[in-house]
Amino acid sequence: MKSVTLNNGVEMPILGFGVFQIAEEETQTAVEAALAAGYRHLDTAASYGNEAAVGAAIKASGIAREDLFVTTKLWIQHAPAGSVYDDSRRSFHNSLQRLGLDYVDLYLIHQPFGDYYSEWRAMQDLNKEGRARAIGVSNFHPDRLVDLIDHNEIVPAVNQIETHPFHQRAADQELMRGRGVQIESWGPFAEGKNNLFSDPVLSAIAAAHGKSVAQVVLRWMIQRDVVVIPKSVRPERMAQNLDVFGFTLTDEQMNQITALDTGASLFFDHRDPAMVSWLGGRRYS
Ligand SMILES: NC(=O)c1ccc[n+]([C@@H]2O[C@H](COP(=O)([O-])OP(=O)(O)OC[C@H]3O[C@@H](n4cnc5c(N)ncnc54)[C@H](OP(=O)(O)O)[C@@H]3O)[C@@H](O)[C@H]2O)c1
């Protein structure tokens with residue numbers, strides 16, 4: 001498996017398995033199937049409600065801990081309830097306990113809302129204590145990312161953001177590259193929105209390589225050095241999504257995909273006040 005080297009030297013597999021929206025009772029089976037298919041990089045979050053099932057699958061697999069790369073995420077801590085620094089550390093240890101692990105490979109601030117500066121200071125300490133080999137953020141627009149970098153000690157290793165053919169984030173990626181932050185895509189298939197799987201441009205490129213649209217999309221991002229974490233509950237698709245290292249898109253095909261960019265989210269805008277408030281009102285620890 002190809003990997004990227006993060007800004008602190010940690011190696012991160014460029015392709016992993018995401019478990020968002022997999023029901024807790026289905027997650028252990030799905031993750032066991034993904035590990036059997038060959039995935040060694042898993043992406044979960046406190047808010048997904050399935051960390052314990054991910055942990056159970058890891059345990060059942062018997063795969064050595066050092067051969068896995070496990071990411072989880074800290075949800076927005078509610079400041080009035082207490083100290084965000086302490087609450088963040090408590091949330092982290094809750095996640096570790098649910099996962100049945102001693103450390104995670106990557107710990108992310110899930111959303112750029114609330115007192116994420118205190119969250120980041122807790123994460124810096126967890127990193128120094130060896131509990132999170134790398135720390136990073138998610139859903140940060142460049143302005144907030146740069147501000148966080150400029151006023152803290154550790155530069156986030158990763159920013160996990162919505163990235164797919166209809167929202168490509170090339171300028172964000174360039175900014176992040178300049179600051180030493182690895183881009184990671186969430187929603188690589190845009191969860192099928194905008195008829196991604198039957199898009200004529202992607203379908204023609206897929207046909208030219210004898211591959212599926214999903215494989216072309218993942219390959220396109222890997223050629224752009226974007227880390228990808230596709231989700232599927234179907235073993236045949238898990239295997240297909242992993243099989244993207246045996247072909248190369250031409251410059252012309254890469255450019256054809258570049259032309260699909262709309263420059264806008266297909267999900268929601270992290271700068272929409274109603275969405276900021278809605279997300280900020282949710283509680284996970
Ligand atoms: N940080 C964040 O805020 C954030 C937000 C969203 C997601 N994420 C992370 O990113 C991961 C991936 O994003 P996502 O789960 O939202 O969506 P996604 O990976 O873009 O799309 C998943 C959808 O595509 C289908 N699919 C998967 N492989 C396919 C294939 N080869 N052919 C046809 N359909 C296929 C799946 O269906 P089946 O399962 O039925 O195969 C599912 O409906 C998440 O699981 C999560 O780990 C993070």
Side-chain angles (χ1 to χ4, degrees), residues 12-24 26-27 29-31 33-34 37 39 41-51 53-54 69-76 95 104-113 116 136-141 145 156 158-169 172 182-199 202-203 206 211-221 226-244 265-270 275-276 278-280 282 284:
M12 177 179 195
I14 198 160
L15 194 155
F17 183 71
V19 300
F20 181 43
Q21 295 176 136
I22 305 183
E24 192 184 7
E26 287 174 42
T27 302
T29 306
V31 175
Y39 289 86
H41 165 186
L42 305 172
D43 183 275
T44 185
S47 67
Y48 298 172
N50 57 18
E51 289 173 307
V54 170
F69 188 101
V70 180
T71 300
T72 194
K73 311 183 192 85
L74 174 70
W75 189 254
I76 307 159
S95 285
V104 297
D105 297 278
L106 179 62
Y107 196 41
L108 302 178
I109 289 183
H110 204 147
Q111 303 288 353
F113 308 133
Y116 55 83
V137 297
S138 180
N139 296 309
F140 273 56
H141 280 291
L145 180 67
V158 168
N159 186 16
Q160 185 183 111
I161 52 177
E162 177 190 347
T163 312
H164 48 72
F166 306 121
H167 192 26
Q168 303 191 4
R169 318 301 291 260
D172 296 40
Q182 172 65 46
I183 181 173
E184 178 176 19
S185 150
W186 66 251
F189 307 137
E191 295 178 5
K193 288 182 198 295
N194 222 11
N195 295 320
L196 178 135
F197 293 112
S198 54
D199 179 86
L202 298 172
S203 300
K211 295 285 179 185
S212 69
V213 164
Q215 288 171 311
V216 166
V217 168
L218 296 174
R219 183 69 212 171
W220 165 73
M221 277 195 268
V226 177
V227 173
V228 287
I229 44 169
K231 168 261 173 188
S232 177
V233 292
R234 304 173 202 224
E236 68 279 7
R237 289 181 178 171
M238 293 175 191
Q240 186 193 117
N241 295 347
L242 202 51
D243 179 20
V244 293
S265 170
L266 288 189
F267 292 83
F268 57 82
D269 183 354
H270 277 82
M275 187 51 71
V276 172
W278 184 81
L279 287 170
R282 299 178 72 112
Y284 304 100

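Position 1 is the first residue of the sequence; numbering continues from there. Everything numeric here is computed off the predicted structure, so don't read it as measured data. Remember, it's 1-based here, ligands and their atoms both numbered in the order they're listed.
Figure legend: cation-pi geometry between Lys231 and Phe20 absent, as NZ or CZ is not positioned both under 6.0 Å from the six-membered ring centre and within 45° of its axis.
At a threshold of 4.5 Å between non-hydrogen side-chain atoms, the residues His164 and Asn194 do not count as touching.
Residues lining ligand 1 at a heavy-atom distance below 4.0 Å are given as Gly18, Val19, Phe20, Asp43, Tyr48, Lys73, His110, Ser138, Asn139, Gln160, Trp186, Gly187, Pro188, Phe189, Ala190, Glu191, Phe197, Ala214, Ile229, Pro230, Lys231, Ser232, Val233, Arg234, Arg237, Gln240, Asn241, ordered by chain and residue number.
Ser47 contributes no side-chain N or O that, together with a main-chain N or O of Ala45, makes up a donor-acceptor pair within less than 3.5 Å.
Using modelled atom types and a 3.5 Å distance limit, the side chains of Glu51 and Thr44 yield no donor-acceptor pair.
Residue pairs that meet the side chain to side chain donor-acceptor pair (under 3.5 Å) test with at least one member in residues 232-243, sequence neighbours left out, are Ser212-Gln240.
Between Trp278 and Phe268, the distance from one ring center to the other does not fall under 6.0 angstrom.
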